[in-house]
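Okay, so here's the structure we're looking at.
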Amino acid sequence: MGEQRYIEFIQDVLISIHENLHELTERKNFADPEELTHIEAKIIAYQEMLAIIRMSADQFNLPKGDIGL
């Protein structure tokens, strides 16, 4: 696989994570109290995934802006 395909793969994953975070944040505004805890937990999990990816990008000296971080 070429380097560009890897970049596109990472960007696709990041786009999905950001879209899911946005959708969950919107749902949180209209959630029932029993659903709210589940939504908040998912938001935290996605934020943790982004933090891990950012730390890994730093360790590999990757330009975070180029991959969508």
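Both backbone and side-chain heavy atoms feed into the values below; hydrogens, waters and symmetry mates do not.
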Any chain of hydrophobic side-chain contacts (each under 4.5 Å) joining Leu50 to Ile10?
yes
Just grab all the salt bridge (charged side-chain N to carboxylate O under 4.0 Å, His left out) pairs involving residues 27-38, residues at least two apart or on different chains.
Glu23-Arg27, Arg27-Glu35, Lys28-Glu40
Are Val13 and Ile15 co-members of a hydrophobic cluster defined by side-chain heavy atoms under 4.5 Å apart?
no
I'd like to check the side-chain hydrogen bond (donor to acceptor under 3.5 Å, both in side chains) partners of Glu26; sequence neighbours left out, ordered by chain and number.
none
Would you say His22 has more than 12 foreign heavy atoms packed within less than 6.0 Å of its NE2?
no
All pairs passing salt bridge (charged side-chain N to carboxylate O under 4.0 Å, His left out) where residues 41-58 contributes a residue, at least two apart
Asp58-Lys64
Tell me, please, which residues at least two apart from Asp12 pass side-chain hydrogen bond (donor to acceptor under 3.5 Å, both in side chains).
none
If hydrophobic residues (ILVMFWY) are linked whenever their side-chain heavy atoms come closer than 4.5 Å, directly or via other members, who joins Phe60 in its cluster?
Leu62
With rounding to the nearest 0.5 Å, note down the distance linking OH in Tyr46 to CG in Asn20.
3.5 Å
Distance, nearest 0.5 Å, that separates CG of Leu24 from CD1 of Ile44
11.5 Å
With sequence neighbours excluded, tell me which residues meet side-chain contact (heavy atoms from CB on, under 4.5 Å) with Ile53.
Leu14, Ile17, Leu69
